[in-house]
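The model shown is predicted, which means the values in this text are computed figures rather than measured ones.
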Amino acid sequence: MIKSIKKAITIIALALPGTLILFPVVILFTGSFMDRYELKEYLNPIFTESMKFISWKFMPDYPSFENYGKLLFFTPQFFILFWNSVKMVVCILAGQILIGVPAAWAFAVYRVRAGKALFAFYVVLMLLPFQVTMLSNYLVLNRFSLLNTQYAVILPAVFSTFPIFLSYGGFRGIPVQLFEAARIDGASEFVIFLKAGLPLGRTGILSTIVLGFLEYWNMMEQPMAFLDEKALWPLSLYLPEITWVQAGYAFCASFITLIPAAFVFIMGQDYLEQGIIYSGLKE
């Protein structure tokens, strides 16, 4: 009886914040199917700056696909920005894997002088927010004439220290004896990395990919700082001017933008949890 009560209390305690988190998503979904007149009725206190509270219905009185039709068939700029986001995220993640994973392997496997100090320096760099490094990044990108190009967003992200930190935790979980046995058998360091390191450390690598996708799919500060031309912007910066006429269109665009991130989160949830565990481990 006591166990059942505790279980019920736990479920309620978890369901309440979960419901609050899902509430904005439900509003986005239902609002995307409302026409402009119904939205005007519900959101009128916002646009008229009155002191009344807004009202909302989770089932539209007159469901309409007008907003989706306008966005998907009559708004080519939406697809341009969508493709920009895909290009940026894929290039960033591919670059992080090619550069960050070998660096994490070197930090985790090889013991060199000042190796721990250098890794600690990497961790400190990871803790610095974008606002701190924005000016230095801007000056470097300007020196190489990369401003107002998508490389201005891609290259600084490729050399981020966060993928190294997460992949390092995955490689550190591999027994050292395995590497020693492979060396005795005559395997080269590259073969050990390719045949043993990557398969056994894939959890940390995949968690890096999942977390990286969620971060860079929604990035806003870097494109706003380094990209002037709107045709180069990612989808995260796409939002029409919100009036009661455009409110349903904005709901629709926001909901579609959310779909890829939600899909990646669901598919990589286990690796995401493992990455969080790795980020909390200490040597």
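Criterion: ILVMFWY side-chain heavy atoms under 4.5 Å apart, direct or through other members. Under it, Val26 and Leu39 are part of a common hydrophobic cluster. Connection of Phe121 to Val132 is established within a shared hydrophobic cluster, with ILVMFWY side chains joined at heavy-atom distances below 4.5 Å, either directly or through further cluster members. Residues Ile259 and Val210 are members of one and the same hydrophobic cluster, defined by side-chain heavy-atom contacts under 4.5 angstrom among Ile, Leu, Val, Met, Phe, Trp and Tyr. Under the 4.5 Å side-chain heavy-atom criterion for ILVMFWY residues, a single connected hydrophobic cluster contains both Phe190 and Phe171. Ile184 and Phe193 fall into different hydrophobic clusters, where Ile, Leu, Val, Met, Phe, Trp and Tyr are joined by side-chain heavy atoms under 4.5 Å apart, directly or via other members.
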With a 3.5 Å cut-off and sequence neighbours excluded, list the donor-acceptor pairs that the side chains of residues 64-82 form with protein atoms.
{"unit_1": "Ser64", "atom_1": "OG", "unit_2": "Glu66", "atom_2": "N", "d": "3.1"}
{"unit_1": "Asn67", "atom_1": "ND2", "unit_2": "Ser32", "atom_2": "O", "d": "3.1"}
{"unit_1": "Asn67", "atom_1": "ND2", "unit_2": "Met34", "atom_2": "O", "d": "3.0"}
{"unit_1": "Tyr68", "atom_1": "OH", "unit_2": "Ser32", "atom_2": "OG", "d": "2.7"}
{"unit_1": "Lys70", "atom_1": "NZ", "unit_2": "Gln246", "atom_2": "OE1", "d": "3.0"}
{"unit_1": "Thr75", "atom_1": "OG1", "unit_2": "Lys70", "atom_2": "O", "d": "2.7"}
{"unit_1": "Thr75", "atom_1": "OG1", "unit_2": "Tyr249", "atom_2": "OH", "d": "3.0"}

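Nearest heavy-atom pair across Trp233 and Leu227 is NE1-O, 3.3 Å. Smallest separation of non-hydrogen atoms from Ile92 and Met219: CD1-CE, 4.2 Å. The two residues Asn84 and Pro234 have their closest heavy-atom pair at CB-CA, 4.3 Å. The two atoms that bring Val191 and Ala187 nearest to each other are CG1-CB, 4.3 Å, heavy atoms only. Glu229 and Asn148 make their closest contact through N-OD1, 2.9 Å (heavy atoms, listed as atom of the first residue, atom of the second, distance). When all heavy atoms of Ser85 and Trp217 are compared, the pair lying nearest together is CB-CZ3, 3.6 Å.
We find the CG-OG1 distance between Asn218 and Thr257 to be 8.5 Å, quoted to the nearest 0.5 Å. To the nearest 0.5 Å, the span separating CZ on Arg183 from CG on Leu178 amounts to 9.5 Å. Rounding to the nearest 0.5 Å gives a distance of 13.5 Å between CZ of Phe263 and CG of Leu258. Taking CZ of Phe165 as the start and CG of Leu127 as the end, the distance is 8.5 Å to the nearest 0.5 Å. Once rounded to the nearest 0.5 Å, the distance linking CE of Met267 with CG of Leu206 reads 11.5 Å. Considering CD of Gln96 and CD1 of Ile154, their distance stands at 11.5 Å, rounded to 0.5 Å.
Considering only heavy atoms from C-beta on, Leu128 comes within 4.5 Å of Leu125 through its side chain. Between Leu237 and Met220 the shortest side-chain heavy-atom distance falls below 4.5 Å. Leu235 has its side chain within reach of Tyr238: a pair of non-hydrogen atoms, C-beta onward, lies under 4.5 Å apart. A heavy-atom distance below 4.5 Å is not found between the side chains of Val264 and Ile209. Looking only at side-chain heavy atoms (C-beta outward), Phe179 and Ile174 come within less than 4.5 Å of each other.
Taking the six-membered ring for Trp, Phe23 and Phe58 have ring centres closer than 6.0 Å. Between Phe107 and Tyr168, a ring centre-to-centre spacing not shorter than 6.0 Å is recorded.
Taking the six-membered ring for Trp and thresholds of 30 and 60 degrees, Tyr110 and Trp105 have ring planes more than 60 degrees apart, a perpendicular arrangement.
Between the side chain of Ser167 and the main chain of Val101, no donor-acceptor pair closer than 3.5 Å is present. For the pair Glu38 (side chain) and Pro60 (backbone), a donor-acceptor distance under 3.5 Å is absent.
Cluster partners of Leu155, using a side-chain heavy-atom cutoff of under 4.5 Å among ILVMFWY residues and allowing indirect links, are Phe130, Met134, Tyr138, Val140, Leu141, Phe144, Leu146, Leu147, Tyr151, Phe226.
At most 12 heavy atoms of other shown residues, nucleotides or ligands fall within 6.0 angstrom of atom NZ in Lys195. Crowding of Arg202 atom CZ: a count of heavy atoms from other residues, nucleotides or ligands under 6.0 Å not exceeding 12.
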